[in-house]
Amino acid sequence: MRKIPLLATLVLAASVLAAPPAQAESFPFQNPRLPVERRVDDLLGRLTLQEKLGLLHQSQAAIPRLGVAYHKNGTEALHGVAWSNHLNDNWNQKLASGTVFPQAVGLASTWDPGLIKKVGSAVGDEVRGYNDADPILWGLQVWAPVVDLLRDPRAGRNEEGYSEDPLLTGAISTAYGKGLQGDDPFYLKAAPVLKHYLAYNNETNRSLSSSNLTPKLKHEYYEQAFKAAVSANAATGVMASYQLVNGRPDHVNPDLNSTVRSWTDRTLYNVSDAWGPHALTDLEKYYDTKPEAFAAVLKAGLDSYTIDNSDSGPLTEHLTAALDQGLITEADVDTAVRHVLTIRTRLGHFDPDGGPYKKITKDVINSPAHQRLNREAAGEAAVLLRNSGVLPLSSPKSAAVVGPLADTLYRDWYSGEMPYEVTPLDGIKERVADVSTGTGLERIALKHLASGKYITATGTGPDDNAALIDTAPTAASQWDLTDWTDGVSTLRNAGNGKLLGGDWRSLDTDDDEPNGWYVQQQFALERQSDGSYLIRYAGYESVEGWFALPDPYVSVSADGTLGLAPKAEAARFGKEIVSDGVAAAAEQAAKAEVAVVVVGSHPFVSGREFHDRSSLRLGDGQLRLIEAVRKANPRTVVVLETSYPVIVDAPTLLWTTHAGSETGHAVADVLFGDVNPAGRLTQTWPAGDDLPSIFDYDLAKTGMTYLYGDDDPLYAFGHGLSYTSFAYRDLKVRGSTVSVKVTNTGRVKGDEVVQLYTHQRESRFEQPVKQLRGFERVTLRPGQTRTVTFTLKRPDLAVWDYTRGRWAVERATHDVLVGSASDRIRLSTTLRVPGERIPVRDLARTTRAMDFDDYSGVVFADETKAAGEAVEGSAGDWISFTGASFGSRFTAGVSSASGGAIELRSGSPTGDLLGTVQVPATGGIYQWGTATGTVKAGTGDLYVVFKGDLRIRDFALAR
């Protein structure tokens, strides 16, 4: 176990840059006995305008005259302290080397908020420990947890989120946030910020794409996970997301100031994502000038700008210009600075003794207690997907442990370095005397068909370009091929042990692992009809416009060096297998009593921030390995270690995320029965790749997630098996209490995750197939029975009534469903809920166009850059309003550059024409005018059909 590097020079730098203690004079803001509002007002009143503006930056300079120390926002702490950027070296990640807990999606698969609070508390302790070692590098505002809902498993940041379900996500994020904060009623151990508000679940075109959200799904689904944590005071702010929602960049989403702050009576400190304010002008072209954009960010409710590394100069310049131009006032600045100072006060920054959490030192980092907690969390997180009876293993005398992840662990983009590693091979070796192993990889040579020469590594430096040299394969021209997921592979040179990588159009071997922002060590071997191969370069930078080579392939220059070129100029290669690791692994498995195949994903390859997957398939090489070992030894266990769902099946299959240093111990604990698996999936694993567009956020239309899906998945939301069995009986609903008796009917102690769902049978609005309303993880001895009780209150069953813009509980019958997974309901009953009938929609009143019942072709747009939403359509697009009554005098708020028309039809978009209303050209999308006309009055379903390019803000059909 290597020691954590805590450089004395950094500690010295911290002491130099930190402000001195308060002068002999004691200011009221330094008095812990005063109310926080008074302390903040006192400090605010002592600041100059330039000092205030500087506090709106991520990197906040010390103010020595007031004894205010330097502070930096944004320590990454998603599943352990991960990284930060130093004041004097902003371009490089400074990685922590503490406890790395399971990835976030793995933590959630425990379905155990109590455990997750302990994990959050341990991470909060280590944040304090790192801050104790270097307060300049390691700030106490942490950017975690990630609350983005996992509505599409292809999304690159799947590993960072918790679940596709808002209730489960809210419960886990609340637990983790409360752990990070600590239990003091006022002071904060760390200040958690929720990422990323709102509806952010695609990396492709993430700064330009717009998430189309219906009002119903926005309120009922996308907001709920954030609301849960904020309303429970488990977070101190939110971070704005990169993309747009309904046509408006989230960095100027007015909900940040209104909706989000309404969820709590405590002060929130909201932050931008990195470079987000600059994107408003530089990429999105939403504003013409920096002062205009930066003023809009402030007025929308963000209090911190994560831009320009540690240089607050540009921020100060742009906001000063905004003040001079009257775009904001100093009162606007003061409001944001109050939010900053309130959270810093709660962190103890202005207390003479630093507050109660200041006593936590670097000694807590990677402590034995945290290592034990890591092992416990990784064990609880593991999900047994299938079991043919092989598990648990019973004292085998020999084992073959094979696969590309058998004897290695990987960190991800949002984790620190692991100070030690216990691999699955290590964990199994502690329990089995005779263990054989191997990677199960093919070692190949790639022969250039035109020249007969092989791709050869020439060295390990950045200028040592790979070239066509060897005429017969040597170690330098042999490559270990790992097929990860989505058809993307890595190639490790057998001679120097380095990976082949793209180095800005050239190819070299100077990297130990896939790494960096662009991850340039990724390739796809594409087999052609004649048996030859083209090698596509899959480095992440290939999607950037400046790369100017959107479809790069490996090419050969005149001197034999390798480079990248368009597909038409790609070189053709023959793939020769030098040694067959798959066959070798199968041979080992045949000789062993049991075989364990450890396969999965690499957290940096094909699916990570900045890159979505196009397929859910596990790599071909890994699938061949599984099948070969299974054929050689029926007693085969497949351990699948991934950051996201993949399509793979096996008779005995255990899933885990990349779970940190203790992964191997935890896997072995489950395989050998010391831990009875009780992890449950937190998202649906689809059975195939035939999925809707990743840009379509309307779950009710796409059928994504268990809430709206009606296809049979590979594995359902909530799925997970145990080494014991459980019986359910006596489901009762009394008042607001739902109870069920659960008995362990097996022979060993185990945990069951009891899940409560409901389905509303009758509704004015489209309802989910079922919806999670509660869950509890319970431990039962053999034969033990426990009554599990849930609280289900009438307001919990409210739906968003977009016809009136409020929550409503409808009079309806609800199915009450209890089971062990969303597709394994054990008992059900019904509950008749008294409520209201939604009245017939009266379109004589002014109705927002966004409050439609259905739509086709349209997109949702911003009414103005500051606030409001509208519906934008072209010829043939439509919106509909169901069960309505309407008059004949039509008036609509419209905008259009060129003009058009609106048709009103009855019953369908091609139904009886009630009238046509001309839309005048208003001069632009933000220049609103009025369209009026007379149509036929009536009742029923009204369709508003677009003719021409235009936007509709609202309308009325007066009588």
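This structure is a prediction, so every number in the text was calculated from the model and none was measured. Residue numbers run from 1 in the order of the sequence given.
Remark: Trp143 engages Gln141 in a side-chain hydrogen bond (donor to acceptor under 3.5 Å, both in side chains) (not counting sequence neighbours). Gln522 pairs by the side-chain hydrogen bond (donor to acceptor under 3.5 Å, both in side chains) definition with nothing, not counting sequence neighbours.
Taking 4.0 Å as the cut-off between side-chain N and carboxylate O, Asp412 and Arg608 do not count as a salt-bridged pair. With salt bridges taken as basic N to acidic carboxylate O contacts below 4.0 Å, one links Lys195 and Glu76. Under the 4.0 Å criterion applied to side-chain N and carboxylate O atoms, Asp696 and Arg151 are not assigned as salt-bridge partners.
Using a 4.5 Å heavy-atom cutoff, the side chains of Pro645 and Asn158 are in contact. Between Pro153 and Tyr644, the closest side-chain pair of non-hydrogen atoms is not below 4.5 Å. Here the side chains of Ser542 and Asp551 are not in contact, with every heavy-atom distance at 4.5 Å or above. When side chains are defined from C-beta on, Thr490 counts as touching Val605, because their heavy atoms get closer than 4.5 Å. Between Leu625 and Val597, some side-chain heavy-atom pair lies under the 4.5 Å cut-off. Using a 4.5 Å cut-off on side-chain heavy atoms (C-beta onward), Gln478 and Asn493 make no contact. At a threshold of 4.5 Å between non-hydrogen side-chain atoms, the residues Leu616 and Val646 do not count as touching. Between Ile444 and Leu491 the shortest side-chain heavy-atom distance falls below 4.5 Å.
Around CG of Asp690, the count of heavy atoms belonging to other residues, nucleotides or ligands within 6.0 Å does not exceed 12. Within a 6.0 Å sphere centred on NZ of Lys498, heavy atoms belonging to other residues, nucleotides or ligands number more than 12.
Side-chain contact, Ser614 with Asp486: a donor N or O sits under 3.5 Å from an acceptor N or O. For the 3.5 Å distance criterion, the side chains of Glu159 and Thr657 fail to qualify, holding no donor opposite an acceptor. Defined by atom type and a distance below 3.5 Å, a donor-acceptor pair is missing between the side-chain atoms of Thr423 and Glu421. Between the side chains of His196 and Asp250, no donor-acceptor pair of N or O atoms lies under 3.5 Å. A donor-acceptor pair shorter than 3.5 Å can be found between the side chains of His278 and Asp308. A donor atom on one side chain and an acceptor atom on the other are not found under 3.5 Å apart for Tyr420 and Asn366. For the residue pair Asn202 and Ser209, a side-chain donor N or O sits within less than 3.5 Å of a side-chain acceptor on the partner. A donor and an acceptor atom, one from each side chain of His86 and Ser310, are nowhere located under 3.5 Å apart. With no hydrogens or angles considered, a side-chain donor-acceptor pair links Glu609 and Tyr414 at under 3.5 Å.
Across all their heavy atoms, Asp282 and Lys285 have their closest contact at O-NZ, 3.2 Å. Scanning both residues, Leu640 and Gly600, for their nearest heavy atoms gives CD1-CA, 4.0 Å. Between Gly459 and Asn496, the shortest heavy-atom contact is O-ND2, 3.6 Å. Shown here for Ala650 and Val638, the closest heavy-atom pair between the two residues is CB-CG2, 3.7 Å. The shortest heavy-atom contact between Ala628 and Ala586 is O-CB, 3.8 Å. When all heavy atoms of Val100 and Met418 are compared, the closest pair comes out as CG2-CG, 3.9 Å.
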Please step through ring-ring contact (aromatic ring centres under 6.0 Å, His included) for the pair Tyr553 and Tyr537, ending with a clear verdict. CA-CA 5 Å; Tyr553 281 75; Tyr537 174 62; over 10 Å; no

Set out, in order, the CA-CA distance, both residues' side-chain angles and the distance that settles side chain to side chain contact (heavy atoms under 4.5 Å, CB included) for Leu714 and Asp649, then state yes or no. CA-CA 8 Å; Leu714 182 62; Asp649 210 358; 4.2 Å; yes

Glu164/Thr684 under side chain to side chain contact (heavy atoms under 4.5 Å, CB included): CA gap, chis, key distance, verdict: CA-CA 8 Å; Glu164 68 185 33; Thr684 303; 2.9 Å; yes

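Gln528 contributes a side-chain N or O that, together with a main-chain N or O of Glu526, makes up a donor-acceptor pair within less than 3.5 Å. Side chain of Gln58 to main chain of Asn73: a donor-acceptor pair is present (N/O by atom type, distance under 3.5 Å, no hydrogens or angles). Trp479 contributes no side-chain N or O that, together with a main-chain N or O of Leu500, makes up a donor-acceptor pair within less than 3.5 Å. In this structure a side-chain-to-backbone donor-acceptor pair under 3.5 Å is present from Glu203 to Phe610. Remark: side-chain polar atoms of His658 are not paired, donor with acceptor, to backbone N or O of Arg411 under 3.5 angstrom. Under a 3.5 Å cut-off, the side chain of His79 and the backbone N or O of Val105 do not form any donor-acceptor pair. Side-chain atoms of Ser84 never come within 3.5 Å of backbone atoms of Thr75 as a donor-acceptor pair (strictly under, hydrogens ignored). Between the Gln521 side chain and the Asn515 main chain, a donor and an acceptor come within less than 3.5 Å of each other. The backbone N or O of His251 lies less than 3.5 Å from no partner atom in the side chain of Tyr242, so there is not a single donor-acceptor pair. The backbone N or O of Asn201 lies less than 3.5 Å from no partner atom in the side chain of Asp152, so there is not a single donor-acceptor pair.
Distance check: Asp612 CG to Phe695 CZ gives 7.0 Å after rounding to the nearest 0.5 Å. For the atom pair CD1 (Ile647) and CG (Asp689), the distance works out to 4.5 Å, reported to the nearest 0.5 Å. To the nearest 0.5 angstrom, Ser506 atom OG is 8.0 Å from Asp463 atom CG. The CG atom of Leu525 lies 6.5 Å from the NZ atom of Lys575; values are rounded to the nearest 0.5 Å. For the atom pair CZ (Arg527) and CG (Leu534), the distance works out to 12.0 Å, reported to the nearest 0.5 Å. Distance CG/Asp483 to CG/Leu441: 8.5 Å, rounded to 0.5 Å.
For Lys94 and Tyr130, the positive end is not near the middle of the six-membered ring at less than 6.0 Å and at most 45° from its axis. Judged by the 6.0 Å and 45° rule, Arg206 forms no cation-pi pair with Tyr200. Cation-pi contact between Arg505 and Phe547: present, with separation from the ring centre below 6.0 Å and deviation from the ring axis of at most 45°.
Using bins of under 30°, 30° to 60° and over 60° for the plane-to-plane angle, the ring pair Tyr518/Trp504 lands in the perpendicular bin. The aromatic rings of Trp655 and Trp685 sit perpendicular to each other, their planes meeting at more than 60°, with 30° as the lower class boundary.
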Using atom types as modelled, flag every donor-acceptor pair under 3.5 Å from a side chain in residues 560-573 to any protein atom, sequence neighbours excluded.
residue	atom	partner	partner atom	Å
Thr561	OG1	Ser557	OG	2.7
Thr561	OG1	Asp559	OD1	2.8
Arg572	NH1	Ser532	OG	2.9

